[in-house]
Amino acid sequence: MDPLWNNIFRKKLDEDSLAHFLKHLPIFLELSSRALTMLENVVHIRNYNANETVFEENDPGSGMYMIRSGMVKIYARDQNGTEHELATLSPGDFFGETTLTAPAPRSASARTMENTELVGLFRADILELAEKHPAVSSSILLGLTRVVSERLQAASLEIRRLQNQAGGHISPENVET
Amino acid sequence: MSNLSQNQRGWTRARVATAFLVLTAAIACGLSIYSSASSLTGLSRTGFSVLFLPLLLSLVLAFLLDPPVTQLEKFFSRTGSIFIVYVLSLGLAFLAALWLTPHWQGFWDNMGTDFPRYTTRVIESVQNVVAALHDRFPVIESYNFPMKIRSWAEQLMAAMLAETPQSALKVGGLMIIVPLFTFFFLRDGRKIIRACVALSPNRYFEMVRDLSYLISRQLSHFVRGRILEALIVGMVITVGLSFTDIRYAPLLGIFAGVTNLIPYIGPIIGMVPGILIAFVDLGVSGQFWWIVILYILIAQVLIDNFILIPILISRVSNLHPLLVFFAIIVGGKLYGIIGMIIGVPIVSVIKITLLEVRTYRRTFRLPESALESDRPH
């Protein structure tokens with residue numbers, strides 16, 4: 001076939017498409033292709049420069065970000081204002097998912113380390129989607145719940161391990177989850 | 001010090017002349033920029049005033065039609081659902097027009113004879129009252145109340161006759177433009193909002209997205225609530241009036257419904273023609289009192305204040321009466337009668353927006369304040 005025609009009629013490269021990116025995130029693994037198309041229409045693509053703040057600790061949090069390209073540093077500040085790095089996230093990772101359903105201040109700050117493309121999904125989008133397509137939004141929320149519960153379980157296992165390690169120095173009442 | 005004296009010595013005639021020229025040129029430039037800017041704002045104001053009413057009406061219609069479209073969207077595409085809703089509402093509007101046309105025609109035919117009759121009758125009763133008052137307060141002789149009322153009524157009649165063809169033309173134009181605008185607002189409204197939100201800088205994007213959602217939700221509740229309230233009050237009055245022998249019951253009901261959109265003052269304006277016509281045609285009889293009770297007690301106190309306002313209108317959008325008066329006066333000055341009707345909703349919209357921003361700021365600290373308090377002292 002003529003390469004010119006080939007180019008026109010072929011769809012956008014599958015690996016480049018937003019749907020492809022979303023489909024491979026653990027949250028959206030089980031979404032149908034119809035749900036993915038709808039998700040594609042409600043997420044926001046934002047481009048950040050290097051060293052740009054995504055959000056600060058205590059900012060009003062209303063959604064999650066997924067990293068499509070670039071790197072993001074998650075950090076917390078202590079009372080003296082010194083930054084303590086909590087994690088470095090790379091493409092395919094996501095953060096801020098705990099504030100997607102419950103409005104809460106951000107528990108840590110996030111800053112880009114290089115030019116970064118983030119895909120944002122916010123509570124307002126989910127609520128709007130829930131009005132029109134309840135089934136789709138519930139499958140998205142189910143995926144989110146699954147990931148959050150997995151993380152919660154891992155965290156509680158980690159707490160128990162640390163408790164055992166400390167040999168009963170920390171009583172269960174003092175552990176904040 | 002030496003620097004200063006050098007500068008002082010430097011003020012030669014040539015320099016003074018240059019400074020003078022530069023200053024003059026600067027002032028001239030400033031003036032020309034100012035005048036061109038004001039003509040630009042004038043142009044944009046003219047353009048905006050043409051678009052203002054159709055845009056506003058289409059936005060209101062879009063808010064009204066959005067819930068049924070969203071419901072239908074579960075089964076059809078967005079555009080398809082909009083078309084279905086359009087066909088249904090066109091059918092409804094056609095039925096309403098069929099039902100209303102004979103009344104409207106009768107009203108228009110009798111207007112020429114009825115209007116002077118009503119004014120004469122009102123003037124007669126005012127004359128009686130004035131005569132009675134005159135016995136007690138001789139001062140008021142100098143004021144010629146009946147003549148004033150007569151001239152005012154004639155002016156009103158002349159204005160109505162002159163305005164009707166003009167407004168018919170306007171309405172004809174609106175009937176084409178408004179459905180078109182509404183269609184696009186319904187179909188692309190979310191995309192338009194998304195595009196506007198996407199313009200905000202990264203740092204504030206999340207907050208702007210959240211606020212835009214909260215504000216648009218409050219606004220749609222408010223607009224829908226107000227329109228539903230007016231519709232129900234208008235229907236109650238139409239039904240109530242149709243029990244009596246009063247003429248033009250549907251028109252009076254529609255008038256009462258439309259004026260009900262203005263808080264505090266609207267219902268009073270809405271009941272004036274009905275009570276006036278009842279007074280002249282039916283006299284002070286049982287039916288007259290029924291009409292008065294219908295307007296004040298049933299429609300306003302019972303239906304509106306006790307049932308509709310608590311259910312439909314959130315307390316968020318309640319305005320102080322003084323603010324309502326301001327909005328009506330300014331709206332009337334800017335856009336006439338339509339301005340009076342839409343002035344109050346616009347002020348409510350501004351209030352809702354401000355309140356949403358404030359609640360948001362209270363729930364969370366804004367990024368700037370959070371940054372400031374986090375900064376080491």
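We name chains A, B, ... by the order of the sequence lines, and we start the count at 1 in each one. Predicted model, so just to flag it, every value in this text is computed and none were measured.
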- Name the region of B:Pro201, side chain, backbone, both or neither, that has any atom closer than 4.5 Å to a heavy atom of chain A. backbone
- Query: Can you say whether A:Phe55 sits under 4.5 Å from chain B via the side chain, the backbone, both, or neither, judging by heavy atoms?
  - Reply: both
- Query: Relative to chain B, which segment of A:Phe122 carries a heavy atom at a distance below 4.5 Å: side chain, backbone, both, or neither?
  - Reply: side chain
- Query: At their closest point, which heavy atom of B:Glu206 faces which heavy atom of A:Ser62, and how far apart are they?
  - Reply: OE2-N, 2.7 Å
- Heavy-atom contact with chain B under 4.5 Å, split by part of A:His44: both
- Item | Presence of salt bridge, A:Asp125 and B:Arg190, under 4.0 angstrom | no
- A:Arg146, CZ atom: more than 12 neighbouring heavy atoms under 6.0 Å: yes
- When you look at CZ of B:Phe83, are more than 12 heavy atoms from neighbouring residues, nucleotides or ligands closer to it than 6.0 Å? no
- Message: Against the six-membered ring of B:Tyr213, is A:Arg123 placed for a cation-pi contact (under 6.0 Å from the centre, within 45° of the normal)?
- Response: no
- So, does B:Arg194 use its side chain to make a donor-acceptor pair with the main chain of A:Val42 at under 3.5 Å? yes
- Looking at NZ of B:Lys191 and CG of A:Asn41, how far apart are the two atoms once the value is rounded to the nearest 0.5 Å? 8.0 Å
Side-chain donor-acceptor pairs under 3.5 Å in residues 87-96 of chain A, sequence neighbours left out?
{"from": "A:Thr88", "atom 1": "OG1", "to": "A:Glu85", "atom 2": "OE2", "distance (Å)": "2.4"}
{"from": "A:Asp93", "atom 1": "OD2", "to": "A:Ser90", "atom 2": "N", "distance (Å)": "3.0"}

- To the nearest 0.5 Å, what is the distance between OG1 (B:Thr70) and CD (A:Glu128)? 9.5 Å
- Query: Is it the case that more than 12 heavy atoms not belonging to A:Lys23 sit under 6.0 Å from its NZ atom?
  - Reply: no
- Task: Look up atom OG in B:Ser81 and atom NZ in A:Lys132, then write down how far apart they are to the nearest 0.5 Å.
- Result: 9.0 Å
- Query: Where is the tightest heavy-atom contact between A:Asn47 and B:Asn202, given as atom of each residue plus distance?
  - Reply: O-ND2, 2.8 Å
- Under 4.5 Å, counting heavy-atom pairs only, tell me which of A:Arg106, A:Glu131, A:His133 racks up the most with chain B. A:Arg106
- Heavy-atom side-chain contact between B:Arg203 and A:Tyr48 under 4.5 Å: no
